Asker: 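The following block contains the structure, expressed as structure tokens.
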Amino acid sequence: MIYILKERIHHYLTLSRQGESCMKSFEKIPHIDLAPIFTHTDTGLLSVADQVRRIYTNVGFAYLINHGISEDLVQATFQAAKDFHNLPLNKKLKIRQNKFFRGYMPRSTSRFELSTLEKANKPNQSEAFIIANEVSEESEDFKLEQNLAGPNQWPEDMPEFKETITTYYKSMQALAKRMVQVFAMAFGLSPDALDNYFREPTIFLRLQYYPEQPDIIPEDQYGIAPHTDYGFLTLLAQDTIGGLQVKNQEGEWIDVPPEPGSFILNSGDMIKWMTNDNFISTPHRVINRSGKKRYAIPFFFEPSMHAQIAPLDIFKDADNPARYPRIEYADHLMTRIKSNYSIGA
Ligand SMILES: O=C(O)CCC(=O)C(=O)O
Ligand SMILES: [Fe+2]
């Protein structure tokens with residue numbers, strides 16, 4: 001099975017390199033039905049991997065349906081996000097984001113300054129509650145207080161909040177791990193070929209809140225300014241308000257309207273890096289023009305801090321040498337965080 005996919009991907013990559021300039025850009029976001037990956041049949045997995053390859057070499061975003069996560073859990077998590085953001089400011093500030101990036105991020109403390117994308121001069125009009133992966137107290141990073149290795153912070157007296165968020169986190173982690181296997185197959189590798197990069201995955205779960213913005217919004221005033229995600233993949237739940245847009249190859253901003261019951265999956269910079277630019281990491285942004293509060297819950301699944309990331313052999317040959325050097329994931333992540341946030345160890 002793997003062999004067939006490998007042949008196919010080589011054929012496809014040759015074609016897409018030849019036809020790069022005439023590849024049609026996208027105008028809407030495609031769907032991926034995940035039901036076949038839970039039936040564990042080879043053909044089912046292969047057909048999903050095939051769609052993943054087509055979509056993430058071209059669009060970089062898709063709606064996932066039949067993903068196996070209960071809608072009740074998603075709704076409970078949105079309710080928890082609202083409960084948190086409705087707390088009085090002084091309570092939220094008690095767990096203000098620590099130097100490990102965890103806790104409450106007030107408005108105006110992040111902006112995305114990326115040379116390759118549009119410049120954001122104004123801070124993002126959003127707030128967040130952030131938890132990240134637990135790190136062993138025995139680890140070097142924890143002892144040295146580096147690479148965001150430190151404790152999560154939870155609001156006082158809200159045990160059910162912690163329980164709901166933890167349950168959601170664990171469910172999303174299981175789905176993300178499965179999707180890494182699907183991506184491995186989409187790369188033309190065996191399903192477990194990428195597992196080593198995610199032995200101690202770097203994970204961020206953010207409860208994002210975008211307040212109502214005034215009717216007239218200056219050009220460069222965003223809920224989140226244009227950016228690409230730093231890691232490997234992001235699984236996003238958004239509420240019914242809308243406002244997320246992604247940029248196609250023509251430079252047009254395409255809406256990603258809410259579709260209840262689905263997640264959005266987008267590929268991050270590490271997928272682009274490991275595939276030597278064969279897969280893409282698509283710029284996106286949020287502008288909340290609805291006149292209402294917007295909530296969104298992105299789950300970021302990223303390589304282990306000390307994973308070594310370089311273009312994979314299958315994406316290199318004499319005519320296509322590596323476009324990126326080998327890096328340690330922590331170096332990439334910390335550089336991005338330091339340039340975009342007013343916090344970070
Ligand atoms: O709020 C959203 O819909 C997207 C958030 C996002 O892009 C991010 O947090 O990286
Ligand atoms: Fe993002």
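Since this is a predicted model, take the numbers as computed values, not measurements. Just the heavy atoms: all of them, side chains too, but no hydrogens, waters or symmetry mates, feed the values below. Numbering of ligands and ligand atoms starts at 1, following listing order.
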Asker: Select one of side chain, backbone, both or neither to describe which atoms of V256 lie under 4.0 Å from any atom of ligand 1, heavy atoms only.
Answerer: neither

Asker: For H227 and ligand 1, answer yes if some heavy atom of the residue is under 4.0 Å from a ligand atom, otherwise no.
Answerer: yes

Asker: Within the 4.0 Å heavy-atom shell around F300, which atoms of ligand 1 are there?
Answerer: 8 (C), 9 (O), 10 (O)

Asker: I'd like to know if D313 and K316 make a salt bridge, using a cut-off of under 4.0 Å between side-chain N and carboxylate O.
Answerer: yes

Asker: Could you name the option among Q208, R206, R285, R294 that has the heavy atom nearest to atom 3 (O) of ligand 1?
Answerer: R294

Asker: Does R336 come within less than 4.0 Å of D269, counting only side-chain N to carboxylate O?
Answerer: yes

Asker: Quick one: look at T234 and ligand 1, take heavy-atom pairs under 4.0 Å, and tell me if it's side chain, backbone, both or neither.
Answerer: neither

Asker: Could you check whether the rings of F161 and F129 sit parallel, tilted or perpendicular, using 30° and 60° as the cut-offs?
Answerer: perpendicular

Asker: Report yes or no: does Q238 have a heavy atom closer than 4.0 Å to ligand 1?
Answerer: no

Asker: Tell me, which protein N/O/S atoms are under 2.8 Å away from the Fe ion (ligand 2)?
Answerer: H227 NE2, D229 OD1, H284 NE2

Asker: Tell me which one of Q245, K247, H227 satisfies side-chain hydrogen bond (donor to acceptor under 3.5 Å, both in side chains) with H284.
Answerer: H227

Asker: Once side chain to side chain contact (heavy atoms under 4.5 Å, CB included) is applied, do any residues pair with E127, and if so which ones, sequence neighbours excluded?
Answerer: H85, K92, Y104, R107, Y209

Asker: What atoms in ligand 1 come closer than 4.0 Å to a heavy atom of H284?
Answerer: 7 (O)

Asker: Looking at E156 and K91, is there a salt bridge between them, counting it only when a charged N and a carboxylate O are closer than 4.0 Å?
Answerer: no

Asker: Establish, yes or no, whether a centroid distance under 6.0 Å links the rings of F183 and F301.
Answerer: no

Asker: With heavy atoms of Y210 as the reference, note each atom of ligand 1 found under 4.0 Å away.
Answerer: 1 (O), 2 (C), 4 (C), 5 (C)

Asker: State whether the number of non-hydrogen atoms from other residues, nucleotides or ligands found under 6.0 Å of E163 atom CD is greater than 12.
Answerer: no

Asker: List ligand 1 atoms under 4.0 Å from I224, heavy atoms only on the residue side.
Answerer: 5 (C), 6 (C), 8 (C), 9 (O)

Asker: Tell me whether the guanidinium CZ or amine NZ of R285 lies under 6.0 angstrom from the six-membered ring centre of Y222 and within 45° of its axis.
Answerer: no

Asker: Near P298, which atoms of ligand 1 are under 4.0 Å from a heavy atom of that residue?
Answerer: 9 (O)

Asker: Does the ring center of Y329 lie less than 6.0 Å from the ring center of Y197?
Answerer: no

Asker: For E259 and H31: C-alpha separation, side-chain torsions, deciding distance, then whether side-chain hydrogen bond (donor to acceptor under 3.5 Å, both in side chains) applies.
Answerer: CA-CA 10 Å; E259 291 201 4; H31 293 74; 2.7 Å; yes

Asker: Go through ligand 1 atom by atom and flag the ones less than 4.0 Å from a non-hydrogen atom of V286.
Answerer: 1 (O), 2 (C), 3 (O), 4 (C)

Asker: Which atoms of ligand 1 sit under 4.0 Å from any heavy atom of A296?
Answerer: 1 (O), 2 (C), 3 (O)

Asker: Of all the heavy-atom pairs spanning R102 and N133, show the shortest one and how long it is.
Answerer: NH1-O, 2.9 Å

